[in-house]
Amino acid sequence: MRWPFKITGLTKFLGVLLILAALSTTVQAGQSVTLAWNRSADPIVAGYNIYYGGTSGTYTNMVNAGNATNATISGLVQGRTYYFAATTYSSLGVESSISSEASYTVPILAGVQFRVTPTRQFILTVTGPVGHTYDILATQDFKTWTVIGTGTVGTNGSLNFTDTNAPCFSKRFYRTRG
């Protein structure tokens, strides 16, 4: 059975899909991405299916977006690339051909851990994308943050920064920027 309309609109909306995915990431235990598109003008279209997977052309998952013009895909893994394609379907459940593909790589989020040496020096271990540079900031009051150093993530995926001034403060809090 042939689908009675062209899917050029789907191809166009998937071109925007990747841009919206990059702008709409949310940070959660398993990361999510929200995909959005323009509604099809074809009166036969009753809804949209979003297919995705970890290999180009192989879609192991499907989300039925109904007649909504967005879908949130949850449980994505940092650093992995996912491939998305879509179909429309009629009220009888007849599905169109699959659209062209869009891909999205889930960003690797920085993490910070620290340990205290016996001499009260704080060693911060920052994890993140290899080659990424971070500023290390410190505060005592959560109002005024001061850059106390800068470091670049090495090939092992982390950088260590030692705050040699930590013993001079009764309390100190840290964050990264970059």
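A quick note: this is a predicted structure, and the numbers were derived from the prediction, not measured.
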Legend entry - Side-chain donor-acceptor contact under 3.5 Å, Thr133 with Thr152: yes
Inset, instruction - Share the residues that join Leu137 in a hydrophobic cluster, the rule being Ile, Leu, Val, Met, Phe, Trp or Tyr side chains under 4.5 Å apart at the heavy-atom level. - result: Phe142, Trp145, Val147, Phe173
Inset, instruction - Could you grab the distance from atom OG1 of Thr105 to atom CZ of Arg80, nearest 0.5 Å is fine? - result: 12.0 Å
Inset, instruction - Quick one: closest heavy-atom pair of Phe161 and Ile148, and the distance? - result: CZ-O, 3.4 Å
Inset, instruction - Let me see the working for Asn38 and Thr69 under side-chain contact (heavy atoms from CB on, under 4.5 Å), right down to the final yes or no. - result: CA-CA 6 Å; Asn38 294 326; Thr69 56; over 6 Å; no
Inset, instruction - Locate the shortest heavy-atom distance separating Ile98 from Thr87; write the atom from each residue and the value. - result: CA-CG2, 3.7 Å
Legend entry - For Tyr51, all residues meeting side chain to side chain donor-acceptor pair (under 3.5 Å), sequence neighbours excluded: Glu95
Inset, instruction - Could you tell me which residues satisfy side-chain contact (heavy atoms from CB on, under 4.5 Å) with Thr58, sequence neighbours excluded, listed by chain and number? - result: Thr55, Thr60
Legend entry - Non-neighbouring partners of Phe169 that pass ring pair (Phe, Tyr, Trp, His ring centres under 6.0 Å), sequence neighbours left out: none
Legend entry - Test log, rule side-chain hydrogen bond (donor to acceptor under 3.5 Å, both in side chains), inputs Thr34 and Thr72: CA-CA 4 Å; Thr34 299; Thr72 298; 3.1 Å; yes
Inset, instruction - State yes or no: do Ile123 and Val126 share one hydrophobic cluster built from I, L, V, M, F, W and Y residues joined by side-chain heavy-atom distances below 4.5 Å, directly or via other members? - result: no
Legend entry - Donor-acceptor side-chain pairing of Ser40 and Asp42 below 3.5 angstrom: no
Inset, instruction - Can you sort out the partners of Phe122 under ring pair (Phe, Tyr, Trp, His ring centres under 6.0 Å), two or more places apart, ordered by chain and number? - result: Phe114, Tyr174
Inset, instruction - Check the pair Tyr48 / Asn64 against side-chain hydrogen bond (donor to acceptor under 3.5 Å, both in side chains), numbers first and verdict last. - result: CA-CA 6 Å; Tyr48 308 91; Asn64 181 326; over 6 Å; no
Legend entry - Non-neighbouring partners of Ala68 that pass side-chain contact (heavy atoms from CB on, under 4.5 Å), sequence neighbours left out: none
Inset, instruction - Please answer: with hydrophobic residues joined when any side-chain heavy atoms are less than 4.5 Å apart, are Met62 and Tyr59 in the same cluster? - result: yes
Inset, instruction - Go through the structure and list residues passing side chain to side chain donor-acceptor pair (under 3.5 Å) with Thr117, not counting sequence neighbours. - result: Thr119
Inset, instruction - Check whether any side-chain N or O of Asp141 sits under 3.5 Å from a backbone N or O of Thr144 as a donor-acceptor pair, and report yes or no. - result: yes
Legend entry - Contacts of type ring pair (Phe, Tyr, Trp, His ring centres under 6.0 Å), residue Tyr134, not counting sequence neighbours: His132
Inset, instruction - Applying side chain to side chain donor-acceptor pair (under 3.5 Å), name anything that partners Tyr83, two or more places apart in sequence or on another chain. - result: none
Legend entry - Any residue meeting side-chain contact (heavy atoms from CB on, under 4.5 Å) with Val106, in chain and number order, not counting sequence neighbours: Gln31, Leu76, Tyr82, Tyr104
Inset, instruction - Kindly give the heavy-atom pair with the smallest separation between Val63 and Ala71, and that separation in Å. - result: CG1-CB, 4.3 Å
Inset, instruction - Could you tell me whether the side chain of Phe84 reaches within less than 4.5 Å of the side chain of Ile50, counting heavy atoms only? - result: yes
Inset, instruction - Search all heavy atoms of Gly75 against all heavy atoms of Ser32 and return the closest pair with its distance. - result: N-OG, 4.4 Å
Inset, instruction - Please round to the nearest 0.5 Å and tell me the distance separating atom OG of Ser96 and atom CG of Asn49. - result: 8.5 Å
Inset, instruction - Calculate, to the nearest 0.5 Å, the distance between atoms CG and OG1 belonging to Leu159 and Thr125 respectively. - result: 8.0 Å
Legend entry - All pairs passing salt bridge (Lys or Arg N to Asp or Glu O under 4.0 Å) where residues 159-178 contributes a residue, at least two apart: Asp135-Arg177, Asp163-Arg172
Legend entry - Cluster check Val130, Ile136: I/L/V/M/F/W/Y, side chain < 4.5 angstrom: no
Inset, instruction - Would you check if the side chain of Ser90 reaches a backbone N or O of Leu92 as a donor-acceptor pair within less than 3.5 Å? - result: yes
Legend entry - Interatomic distance, Arg39 atom CZ to Thr88 atom OG1 [nearest 0.5 angstrom]: 12.5 Å
Legend entry - Which residues share a side chain to side chain donor-acceptor pair (under 3.5 Å) with Ser158, sequence neighbours left out: Asn156
Legend entry - Interatomic distance, Ser99 atom OG to Trp37 atom CH2 [nearest 0.5 angstrom]: 10.5 Å
Inset, instruction - Could you grab the distance from atom OH of Tyr52 to atom CG of Asn61, nearest 0.5 Å is fine? - result: 4.0 Å
